[in-house]
Peer 1: 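This is the structure I want to talk about, given as structure tokens.
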Amino acid sequence: MRRLIAVTVVLTLAVILGACGGGGGEQAAPPATDDGSVPPPPPVAAAADAAAPDRSPTEAVGFEVFPAQGQLATVTPAVILDNLKAKRAMLIFFYDRSQPEWDDAMDVVSGTMDDYRGLLELVSFDMQKAADPKGLAKDAELGKAVMLAERLGVKNTPYILIVDDQGLITWRWRGPVDAGALERELMRATQ
């Protein structure tokens, strides 16, 4: 009986493998274009690991001076200029209340900032208000925040910048943020 079952299983597998094709045949020629030439082969996709950014704690960070000198001081909100002059570290948070992920990002930012009150200032700008011309007309500082965001390359929200007490941008983050990564960067900016 066992032999009969074993033979049945082997025959079934052989039929299935034969129906699927075993390869070894010639490949079909690529279709020719209208002028008779053969198009080039499609590009080889890069490995997924090569495309993923490395967000490890040992990642090299390029510190850059916060752009608020000279004529840029006229497009920098007063609260940021005051913090830079007083040499206070700050977290600058650009957000949009109309986006679904702003709530989560705001919870992470405010929850993490609780441990850093007094060491780091939280400066936030609601970019949804900036989309309304009436909002910009009422608030000149919000207009400056929009120009500053353009200068800094802020294209989406939520967007976080951490500036240390020397006026250097030590970290940038676009999109929802992990509390552990934010905690690590706040600790580095305040030490």
Side-chain angles (χ1 to χ4, degrees), residues 52-191:
D54 178 21
R55 303 214 186 280
S56 67
T58 59
E59 181 178 1
V61 177
F63 295 96
E64 57 185 289
V65 176
F66 192 85
Q69 295 83 14
Q71 290 183 336
L72 292 175
T74 60
V75 297
T76 304
V79 66
I80 293 176
L81 287 175
D82 292 344
N83 286 331
L84 289 172
K85 287 178 186 172
K87 297 191 180 247
R88 284 189 294 256
M90 63 186 137
L91 182 145
I92 303 171
F93 183 46
F94 295 96
Y95 64 94
D96 182 349
R97 288 180 188 262
S98 66
Q99 293 180 332
E101 62 269 0
W102 92 271
D103 242 355
D104 295 335
M106 188 60 146
D107 289 345
V108 170
V109 167
S110 56
T112 308
M113 284 294 295
D114 286 342
D115 296 336
Y116 291 90
R117 300 270 183 228
L119 297 173
L120 198 83
E121 298 294 320
L122 174 62
V123 180
S124 60
F125 299 103
D126 185 357
M127 302 310 277
Q128 179 188 18
K129 292 180 183 177
D132 180 17
K134 292 177 185 176
L136 285 176
K138 291 179 183 176
D139 190 358
E141 291 298 302
L142 186 57
K144 289 181 179 181
V146 170
M147 289 187 276
L148 179 65
E150 288 175 10
R151 172 77 176 141
L152 292 171
V154 177
K155 294 185 180 15
N156 340 29
T157 55
Y159 195 93
I160 296 173
L161 286 160
I162 297 179
V163 181
D164 69 2
D165 58 356
Q166 298 173 12
L168 298 173
I169 298 174
T170 60
W171 195 60
R172 293 173 177 256
W173 189 267
R174 179 183 62 218
V177 64
D178 177 58
L182 183 59
E183 173 86 23
R184 180 186 71 228
E185 296 303 324
L186 290 175
M187 187 181 308
R188 183 169 54 150
T190 56
Q191 288 182 349

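One is the number of the first residue; the rest follow in order along the sequence. What you see is a predicted model, and the numbers here were worked out from it, not measured in a lab.
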Peer 1: Please report the shortest heavy-atom distance between L142 and D126, naming the atom on each side.
Peer 2: CD1-O, 3.8 Å

Peer 1: Where do L120 and M90 come nearest, in terms of heavy atoms and distance?
Peer 2: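 Here L120 and M90 meet closest at CD1-N, 3.7 Å.
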
Peer 1: Side chain to side chain contact (heavy atoms under 4.5 Å, CB included), that's the test. Do R188 and D164 meet it? Break it down for me.
Peer 2: CA-CA 9 Å; R188 183 169 54 150; D164 69 2; over 6 Å; no

Peer 1: Evaluate the side-chain proximity of V177 to P158: yes if any heavy-atom separation is below 4.5 Å, no if none is.
Peer 2: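 A side-chain contact is absent here, since even the closest heavy-atom pair is not under 4.5 Å.
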
Peer 1: For a quick test of reading the model, state the closest non-hydrogen atom pair linking A189 to T170 and the distance between them.
Peer 2: CB-OG1, 4.0 Å

Peer 1: Distance from M187 atom CE to T112 atom OG1, nearest 0.5 Å?
Peer 2: 11.0 Å

Peer 1: If you round to the nearest 0.5 Å, how far is CZ of R172 from CD1 of I160?
Peer 2: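 Separation between the atoms: 12.5 Å.
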
Peer 1: Are side-chain heavy atoms of E183 and D115 found at a separation under 4.5 Å?
Peer 2: yes

Peer 1: Just wondering, do L182 and I162 contact through their side chains at under 4.5 Å, heavy atoms?
Peer 2: yes

Peer 1: If every non-hydrogen atom of K144 is compared with every non-hydrogen atom of T76, which pair is closest and at what distance?
Peer 2: CD-O, 3.8 Å

Peer 1: So which atom in D82 and which in R88 form the shortest heavy-atom distance, rounded to 0.1 Å?
Peer 2: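 Minimum heavy-atom separation between D82 and R88: O-NH2, 3.9 Å.
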
Peer 1: Starting at CG of L152, measure out to OH of Y159 and round the result to the nearest 0.5 Å.
Peer 2: 7.0 Å

Peer 1: Does the side chain of I92 reach to within under 4.5 Å of the side chain of I169, using non-hydrogen atoms?
Peer 2: no

Peer 1: Might you point out which heavy atoms bring Q128 and R97 nearest each other, and give the distance in Å?
Peer 2: OE1-CB, 3.2 Å

Peer 1: Say you draw a straight line from CG of L168 to CG of L84; how long is it, rounded to the nearest 0.5 Å?
Peer 2: 10.0 Å

Peer 1: To the nearest 0.5 Å, how far apart are OG1 in T157 and OH in Y95?
Peer 2: 10.5 Å

Peer 1: So W171 and L161, do their side chains get closer than 4.5 Å, heavy atoms only?
Peer 2: no

Peer 1: Which value, rounded to the nearest 0.5 Å, describes the distance between E141 atom CD and L148 atom CG?
Peer 2: 11.0 Å

